[in-house]
Amino acid sequence: FMGPVLGLWGDEDPWVLPLFAGMLEDLRPDAEIHYVDAGHCPHDERPGEVNDKLCGWMSRVAATPPEYPVFVPSRQQKVPLSLRSLF
């Protein structure tokens, strides 16, 4: 996947440790990672903070033209049924 990546990580997550966010950064240096003062479910524990970070990221991504090829099938192409609802 070549598109933009956002990681919102609970810095007290007991199951998916914050060191995995570091691994994501190693794989995708362009990824935007934010650590949230939360456990495994930062969206539940700190919804305001998570929503602010997510909305800010989405605004920046939407304002930036992609630097990677974007595939959007035309309506005439055969698309697997599971993907039709996405377009």
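Atom set for the values below is all heavy atoms of this structure, side chains included, hydrogens, waters and symmetry mates excluded.
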**Report entry** Minimal non-hydrogen separation, Glu25 against Tyr35, with atom names
**Finding:** OE1-OH, 3.8 Å
Requested in this report: For Gly10 and Pro18, work out which heavy atoms get closest and say how close.
Outcome: O-CG, 4.0 Å
May I ask you to decide if [Y]'s main-chain N or O and [X]'s side chain share a donor-acceptor pair within less than 3.5 Å?
| X | Y | result |
| --- | --- | --- |
| Glu32 | Val5 | no |
| Trp9 | Val16 | yes |
| Arg46 | Asp37 | yes |

Going from [atom1] on [X] to [atom2] on [Y], what distance comes out if it is rounded to the nearest 0.5 angstrom?
| X | Y | atom1 | atom2 | result |
| --- | --- | --- | --- | --- |
| Asp26 | Leu19 | CG | CG | 10.5 Å |
| Lys53 | Leu6 | NZ | CG | 9.5 Å |
| Leu17 | Met23 | CG | CE | 10.5 Å |
| His34 | Leu54 | NE2 | CG | 9.5 Å |

Requested in this report: Report whether Leu27 and Ile33 are members of the same hydrophobic cluster (ILVMFWY, side-chain heavy atoms less than 4.5 Å apart, transitive linking).
Outcome: no
Report task. Start with the C-alpha distance between Leu8 and His43, add both sets of side-chain angles, then the distance that settles side-chain contact (heavy atoms from CB on, under 4.5 Å), and finish with yes or no. Result -> CA-CA 9 Å; Leu8 294 167; His43 56 284; over 6 Å; no
